[in-house]
Amino acid sequence: MTNLLFFGSDYGVGLTTALTEQILELSKHPEFSLFCVSSENEMESGLHKKIQENNIKMDVIQHLDVHSDFNYLSKQVETVIKNNNITHVNVHNNWQLAIVSYIKYKKIIPEKFKIIYTIHGYRHNSLIKAIFAIGIIGLGLLLFADRVISMSSYVSKRFWFIRYKTDLVFYVMNKPEFNKSENIINSQPLKMVFPAQFREGKNQNKLIQAVKLYIDETNDKTIELHLPGEGPLLEESKNLVKLLNLNNNVFFPGKMPHEEVVNLYEKSNIALVSSNVETYGRCIAEPFALGRCVITKKTGIALDIIKNNKNGFFFSNEKELADILNFLYKNPQKIADIGQSAFDDKYIFSKKNVMDQYIQSVQKA
């Protein structure tokens with residue numbers, strides 16, 4: 001039996017939606033006796049309650065997702081480790097790695113538990129910061145992590161120097177909406193979604209410009225682009241829509257709960273991803289599993305799951321995207337065919353597949 005301590009918090013966020021889903025699946029698996037820690041905060045209201053309702057052991061440690069009170073937090077985490085005879089600890093950021101490494105190595109004889117680190121990000125929207133972050137994170141993982149989990153091959157390639165102890169493990173998607181037996185998708189009109197923060201590197205303006213190019217080429221004014229999210233560049237995007245006279249084609253619903261984003265995907269037929277970099281890309285994986293036609297940059301998990309023109313499309317600039325949309329407009333059955341191919345390939349996110357990958361990684365630690 002593996003006594004696993006799983007960190008559910010992320011920096012400045014608290015208990016996250018994605019990690020909550022993983023916790024729920026891990027708690028059901030006979031391989032693990034699961035214990036969790038989280039800060040008092042949560043990404044979406046009700047996540048702590050969901051953990052409690054499923055009788056999962058979770059210690060709430062105040063300010064765990066804030067970079068302060070290192071000694072206090074170390075003592076709190078150490079108490080959880082010792083009280084529960086923890087054999088493996090899964091951390092998700094450098095602060096957590098520092099805390100757990102300090103606990104393990106502060107004495108002459110290291111503690112016996114194994115450290116597993118899941119890479120979620122590395123300041124990837126700035127080249128200089130990314131290089132620096134990869135070096136710092138990589139050094140920490142080289143010295144202190146017994147096993148590393150990467151969420152995509154895209155990330156694994158950037159941490160090539162620790163690939164000997166790195167495993168590829170996706171997020172499990174076991175909610176009912178991702179496990180429907182039939183894919184229902186309407187091919188017309190073109191209705192597209194890209195949920196993301198409006199910040200540097202997400203490139204919502206390029207999607208808006210592609211819509212303009214498409215309309216100029218086809219005169220199809222029924223096309224819709226929905227851009228949920230908030231951020232510092234939101235007003236700039238709204239102004240561009242006004243300038244290009246696309247108020248009836250581009251919509252800004254604001255920040256939406258995860259369930260509403262999923263509903264929006266299901267009402268649409270195309271998911272767009274214009275990010276320069278995604279370490280994983282739920283905006284790629286989720287619509288793929290829902291059987292939507294995903295059109296994405298070559299980033300994140302897209303390189304692991306998308307086969308161009310078979311179960312999705314790749315694009316690199318506005319003109320390429322406009323051309324793909326033009327092709328789909330003239331060949332609407334292709335949208336249904338691409339969506340169905342993605343739907344058929346969604347098994348890679350199944351509980352069995354992901355849990356098997358995760359268990360193998362833990363056993364190698």
From [X] atom [atom1] to [Y] atom [atom2], the distance as rounded to the nearest 0.5 Å:
| X | Y | atom1 | atom2 | answer |
| --- | --- | --- | --- | --- |
| Leu325 | Met192 | CG | CE | 5.0 Å |
| Leu15 | Lys50 | CG | NZ | 9.5 Å |
| Asn326 | Leu321 | CG | CG | 11.0 Å |
| Ile149 | Ser156 | CD1 | OG | 11.0 Å |
| Leu24 | Glu53 | CG | CD | 10.0 Å |
| Ile301 | Ile348 | CD1 | CD1 | 5.5 Å |

Quick one: does [X]'s side chain get under 4.5 Å of [Y]'s, heavy atoms only?
| X | Y | answer |
| --- | --- | --- |
| Ser39 | Tyr11 | no |
| Leu227 | Ser237 | no |
| Ile215 | Leu246 | yes |
| Leu5 | Asn84 | no |
| Tyr72 | Gln76 | yes |
| His48 | Val60 | yes |
| His29 | Ile359 | yes |
| Val13 | Asn41 | no |

Please output the side-chain donor-acceptor pairs of residues 91-99 that fall under 3.5 Å, not counting sequence neighbours, one pair per line with the distance.
unit_1 : atom_1 : unit_2 : atom_2 : d
His92  : ND1    : His120 : NE2    : 2.9
His92  : NE2    : Phe7   : O      : 3.1
Asn93  : OD1    : Trp95  : N      : 3.2
Asn93  : OD1    : Gln96  : N      : 2.9
Asn93  : ND2    : Asp10  : OD1    : 3.2
Asn94  : OD1    : Tyr117 : OH     : 2.8
Trp95  : NE1    : Val66  : O      : 3.4
Gln96  : OE1    : His92  : N      : 2.7
Gln96  : NE2    : Ser9   : O      : 2.8

For the residue pair His226 / Ser268, report whether a side-chain donor-acceptor contact shorter than 3.5 Å exists. no

Between Asn205 and Glu236, do the side chains contain a donor N or O and an acceptor N or O under 3.5 Å apart? yes

What pair of heavy atoms forms the shortest contact from [X] to [Y], and how long is it?
| X | Y | value |
| --- | --- | --- |
| Ile86 | Phe35 | CD1-CD1, 3.6 Å |
| Pro228 | Val193 | CD-CG1, 4.3 Å |
| Ser187 | Ile335 | O-CD1, 3.4 Å |
| Met355 | Leu26 | SD-CD2, 3.8 Å |
| Ala302 | Phe314 | O-CZ, 3.7 Å |

Excluding sequence neighbours, so at least two apart, what forms salt bridge (charged side-chain N to carboxylate O under 4.0 Å, His left out) with [X]?
| X | value |
| --- | --- |
| Glu259 | Lys175 |
| Lys28 | Glu25 |
| Lys106 | Glu78 |

Salt bridge present between Arg282 and Glu21 (N-O < 4.0 angstrom): yes

Closer than 4.0 angstrom, basic N to acidic O: yes or no for Lys180 and Glu266? yes

Arg158 to Tyr154, cation-pi by 6.0 Å centre distance and 45° axis angle: yes

Taking only residues two or more places apart in sequence or in another chain, which ones pass side chain to side chain donor-acceptor pair (under 3.5 Å) with Ser152? none

Please name all residues satisfying side chain to side chain donor-acceptor pair (under 3.5 Å) with Lys352, sequence neighbours left out, ordered by chain then number. Asp356

Which residue pairs satisfy the salt bridge (charged side-chain N to carboxylate O under 4.0 Å, His left out) criterion with at least one member in residues 308-324, sequence neighbours excluded? Lys319-Asp323

More than 12 heavy atoms of other groups within 6.0 Å of [X] [atom1]:
| X | atom1 | result |
| --- | --- | --- |
| Lys364 | NZ | yes |
| Asn245 | CG | no |
| Asn248 | CG | no |

Thr2 and side chain to side chain donor-acceptor pair (under 3.5 Å): which single residue from Lys114, His88, Gln363, Glu31 fits? Glu31

Which of Lys334, Gln340, Gln333 passes side chain to side chain donor-acceptor pair (under 3.5 Å) with Asp337? It is Gln333

Pairs involving residues 335-365, ordered by first then second residue, that meet ring pair (Phe, Tyr, Trp, His ring centres under 6.0 Å) (sequence neighbours left out): Phe32-Tyr358, Phe170-Phe349

Can you list every pair that meets ring pair (Phe, Tyr, Trp, His ring centres under 6.0 Å) and has a residue in residues 274-308, with sequence neighbours left out? Tyr171-Tyr280

State which residue, out of Ile338, Ile324, Leu272, Asn311, fulfils the side chain to side chain contact (heavy atoms under 4.5 Å, CB included) condition with Cys293. Ile338

Enumerate donor-acceptor pairs with a distance under 3.5 Å from any side-chain N or O in residues 249-257 to protein atoms, sequence neighbours excluded.
unit_1 : atom_1 : unit_2 : atom_2 : d
Asn249 : ND2    : Lys221 : O      : 3.0
Asn249 : ND2    : Ile223 : O      : 3.1

Non-neighbouring partners of Asp59 that pass side chain to side chain contact (heavy atoms under 4.5 Å, CB included), sequence neighbours left out: Val37, Val80

Quick one: side chain to side chain donor-acceptor pair (under 3.5 Å) pairs with a partner in residues 294-309, sequence neighbours left out? Ser153-Asp304

Angle class for the Phe144/Tyr105 ring planes (parallel below 30°, perpendicular above 60°, tilted otherwise)? tilted

